[in-house]
Amino acid sequence: MLPELPVTCHSLLVTYFIMLKLENIRTSYGRIEAVKGISLEVGRGEIVCLIGSNGAGKSTTLMTISGVLAPAGGTIYFEGNETRGLPAHKIVSMGISQVPEGRRIFPKLTVRENLEMGAFLRGKGQGAGGKGDFASQLDYVFSLFPVLHERQKQLGGTLSGGEQQMLAIGRALMSQPRLLLLDEPSLGLAPIIVGKIFRTIRDLNAGGLTILLVEQNAKAALRLSHRGYVMESGTITGEGPGNELLSDPHIKKAYLGE
Amino acid sequence: MLLQQIINGLTVGGVYALIALGYTLVYGILELINFAHGEIYMIGAYLGIIFLGIFTASGLTQYSLFLSLFLTFIMSVIVCSAYGFTVEKLAYKPLRNAPRLNPLISAIGVSIFLQNYVMLTQGATDKVFPHVLPVTTVKFLDVTMTSLQIFIIIASILLMAGLHVFIMKTKTGKAMRAVAQDKVMASLMGINIDRIISVTFIIGSGLAAVAGLMVAMYYGLVNYSIGYIAGIKAFTAAVLGGIGSIPGAMIGGFVLGLIESLGASYLSSEYKDAYAFIVLIVILLIKPTGLLGKSEGQKP
């Protein structure tokens with residue numbers, strides 16, 4: 001009996017601390033294999049970033065985790081459960097939410113309706129995940145981004161780029177995820193807005209949310225993250241703590257422009 | 001004379017609008033022209049005759065005409081929705097990721113299949129709607145309206161108002177709009193896309209059933225081929241209003257009904273069916289996206 005206990009403890013601890021685990025994931029986009037067998041881990045409470053140039057397969061990786069793209073091989077575990085092969089809407093219900101590249105807010109729904117869609121699985125009914133839950137989560141998102149409160153009756157498509165990014169993040173938070181996937185949240189935004197978005201990401205993480213961040217703005221992303229992975233043409237070529245990667249000569253040359 | 005023709009036009013227009021909504025709802029979500037939709041309408045007309053026949057034979061109509069008609073509508077809508085649901089699952093869903101031409105061909109195949117299926121099971125000759133409706137007319141100024149016309153106009157407007165509220169206010173309606181705008185993003189919200197597509201087909205088919213039943217009551221005759229011309233005209237109405245636009249389909253239906261009715265009385269009734277298509281050609285030349293349609297370029 002006794003010798004088995006540490007093993008059980010160990011596996012429980014691993015399941016608890018490693019929130020997301022990808023093993024040898026391969027995904028094709030049409031005929032092109034965009035992700036060629038990658039493995040990565042995201043621990044509970046971490047911010048992990050995935051950096052790399054355009055077309056390295058970063059967005060494909062996120063879409064595979066979310067279940068939009070079906071991997072050709074490999075396994076994905078989220079909180080110890082295998083998610084590979086589940087449809088996207090099931091994966092959202094497990095607690096993974098994504099802010100995709102290009103924000104993709106619903107342009108012809110109002111800001112409030114966009115947020116309601118984010119809470120689609122939470123419902124507005126009674127009981128747990130009911131009406132009060134929705135209202136308090138809405139208040140929370142409005143407290144993070146007060147501008148969304150002001151504009152809640154406006155159509156999503158009329159917002160500026162920065163406001164759309166805030167809406168996209170707020171919408172993803174409405175499902176009360178435990179893991180947030182963020183794809184290029186700084187893309188095409190003014191530096192002052194980028195600063196605000198990155199501060200929000202840090203605050204969300206401080207509040208206990210685990211984050212997997214994909215960024216081309218490698219320097220800012222690595223500074224923000226606990227750990228990072230470097231992705232090049234579909235494979236992972238480097239990994240380590242954020243500050244370690246920041247001082248790596250190869251990464252400095254290839255991604256930081258130094 | 002003019003007012004009379006407007007009333008006639010609104011009656012037919014309400015029917016066109018109800019069918020056009022089915023085209024536009026499905027197009028909005030799948031970008032598919034569901035050419036089998038006219039056949040669903042035709043099946044709705046047959047189902048009306050069948051169910052009313054059953055209720056009359058069982059004595060219900062003699063007991064209460066209102067209850068009998070009400071149940072006929074309910075049953076036709078339910079069975080027609082089941083047809084629409086099944087057609088989507090069997091003929092369109094397997095082709096979801098195929099090139100866009102494939103589901104279109106499948107739709108035409110379903111249309112031909114359903115026409116022949118009804119012809120074989122119901123016969124190739126006209127079926128007569130049971131003579132149970134009392135004919136009462138209302139005279140107002142120089143206009144004579146039958147109670148049936150008033151019923152058709154009011155019922156179609158009420159159904160459209162109901163649909164509008166459903167789409168704008170309910171959770172499922174909002175999810176339908178979200179799916180129409182961005183399917184991938186909608187699935188990342190936790191929306192089950194397949195369920196929303198099924199709901200869309202069920203609603204569209206239900207509206208077509210009501211339209212078919214009202215036409216059967218109005219003209220008193222149906223046959224297996226009525227879905228073809230009605231389908232094409234309602235499709236014209238949907239394009240006229242801007243395909244994919246729900247208010248567009250409603251307006252398009254009424255505009256088309258009015259044009260037909262006014263054209264038939266002031267120009268020549270022999271070309272009645274041609275006016276719809278002349279208008280379609282003119283609209284497509286001047287404003288290719290239809291009256292309320294938005295250009296594809298505005299999509300993000």
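Letters go in sequence order (proteins before strands), and every chain restarts at 1. Here the structure is a predicted model, which means the values were calculated and not measured.
Within residues 75-91 of chain B, no residue has any heavy atom under 4.5 Å from a heavy atom of chain A. Residues of residues 156-163 of chain A lying under 4.5 angstrom from chain B, judged on non-hydrogen atoms, do not exist.
Other residues, nucleotides and ligands contribute more than 12 heavy atoms inside 6.0 Å of the CZ atom of B/Phe277. With a 6.0 Å radius and a threshold of 12 heavy atoms from other residues, nucleotides or ligands, B/Arg195 has its CZ atom at or below the threshold. Heavy-atom contacts from other residues, nucleotides or ligands closer than 6.0 Å to NZ of B/Lys183 number more than 12. Atom CD1 of A/Ile32 has 12 or fewer neighbouring heavy atoms from other residues, nucleotides or ligands inside a 6.0 Å radius.
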- Worked check of side chain to side chain contact (heavy atoms under 4.5 Å, CB included) between B/Asn192 and A/His89: CA-CA 6 Å; B/Asn192 183 344; A/His89 64 268; 3.5 Å; yes
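Using a 4.5 Å heavy-atom cutoff, the side chains of B/Lys174 and A/Glu116 are in contact. A 4.5 Å side-chain heavy-atom check between B/Val184 and A/Met63 finds at least one atom pair inside the cut-off. In this structure, B/Lys171 and A/Phe120 have side chains that are in contact, with non-hydrogen atoms separated by less than 4.5 Å. The closest side-chain heavy-atom distance from A/Arg171 to B/Met189 is below 4.5 Å.
Residue A/Pro87: no heavy atom, backbone or side chain, is found under 4.5 Å from chain B.
Minimum interatomic distance between A/Val92 and B/Ser187 (heavy atoms only, all atoms of both residues): CG2-O, 3.8 Å.
To the nearest 0.5 Å, atom CZ of residue A/Phe106 and atom CE of residue B/Met185 are 6.0 Å apart.
Looking only at distances, no side-chain donor or acceptor of A/Gln98 sits under 3.5 Å from a matching main-chain atom of B/Leu188.
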